[in-house]
Amino acid sequence: MIHEKAIREGKLTKGMNFTEKSLAICARIPKGKVVTYGDIACKLGSDGASRAVGNAMNGNPFSPDVPCHRVVGSTGKLTGFARGLDKKRAMLKKEGVPFKNDDQVDMAACRHKL
DNA sequence: GCCATGGCTAGTA
DNA sequence: GCCATGGCTAGTA
């Protein structure tokens, strides 16, 4: 992972591969906000790559500085997290993200526009 | 060939 | 619940 600095700053540089770019985008999500795997994929110009974005988040070496916990499924469901969904939910709640029920984020209220 | 997705359809209640 | 999709890595040769 050569582009650590750029990633942490949320910048895309030309040498980055898909994974690195995904992480860089992720770094831009403000506290209290949330984004979708698909949102990041779209932002990178490949709509079908939402699954690949999931892979990228899974390997995130800069967690939780690069806030991969702020990425959720398209419906607002908490899909996955290396240290468990309970942790993910706890972190999001602590940041003030509104929930509809225990594993469902209120997307309308806190979806971040990339 | 795996997967932290997502969208669509069959088929139950 | 099925399957198309896309990027990546473990693991074979």
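Basis for what follows: all heavy atoms, side chains included, without hydrogens, waters or symmetry-related copies. Just so it is clear: chains get the letters A, B, ... in the order the sequence lines come, proteins before strands, and each one is counted from 1.
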Between the side chain of A:Lys88 and the main-chain N/O of A:Gly80, is any donor-acceptor distance below 3.5 Å?
yes
Taking pairs as Watson-Crick (N1-N3 plus N6-O4 or O6-N4) or G-U wobble (N1-O2 and O6-N3), each distance under 3.5 Å, the stems of three or more consecutive pairs with DNA chain B are B:1-3 with C:6-8, B:5-8 with C:1-4
Under a 4.0 Å heavy-atom cut-off, which of residues 34-47 of chain A touch DNA chain B?
A:Thr36, A:Tyr37, A:Gly38
Return yes when atom NZ of A:Lys100 has more than 12 non-hydrogen atoms of other residues, nucleotides or ligands closer than 6.0 Å, and no otherwise.
no
Assess the residue pair A:Asp103 and A:Lys77 against the criterion (side-chain contact (heavy atoms from CB on, under 4.5 Å)); give the C-alpha distance rounded to whole Å, side-chain angles, the decisive distance to 0.1 Å, and a yes or no.
CA-CA 6 Å; A:Asp103 57 14; A:Lys77 194 174 175 91; 4.1 Å; yes
What pairs with A:Asn55 under side-chain contact (heavy atoms from CB on, under 4.5 Å), at least two apart in sequence or on another chain?
none
Once salt bridge (charged side-chain N to carboxylate O under 4.0 Å, His left out) is applied, do any residues pair with A:Lys43, and if so which ones, sequence neighbours excluded?
none
Do A:Phe62 and A:Cys68 touch side chain to side chain, with heavy atoms closer than 4.5 Å?
no
Just wondering, do A:Leu114 and A:Ile25 contact through their side chains at under 4.5 Å, heavy atoms?
yes
Leading and trailing nucleotides of DNA chain B with any atom under 4.0 Å from heavy atoms of chain A
B:dC3 to B:dG7
Kindly state which residues belonging to residues 67-75 of chain A come within less than 4.0 angstrom of DNA chain B, counting heavy atoms of the residue only, listed by number.
A:Cys68, A:Gly73, A:Ser74
Qualifying residue, where the test is side chain to side chain contact (heavy atoms under 4.5 Å, CB included) with A:Val34 and the options are A:Leu92, A:Asp39, A:Leu78:
A:Leu92
Only one of A:Leu23, A:Asp65, A:Val71 clears side chain to side chain contact (heavy atoms under 4.5 Å, CB included) with A:Asn60; which?
A:Leu23
Would you say the side-chain atoms of A:Arg89 pair up with the backbone N or O of A:Asp102, donor to acceptor, closer than 3.5 Å?
yes
Non-hydrogen side-chain atoms of A:His112 and A:Arg70 separated by less than 4.5 Å:
no
If you count heavy atoms of other groups shown closer than 6.0 angstrom to NZ of A:Lys11, is the number above 12?
no
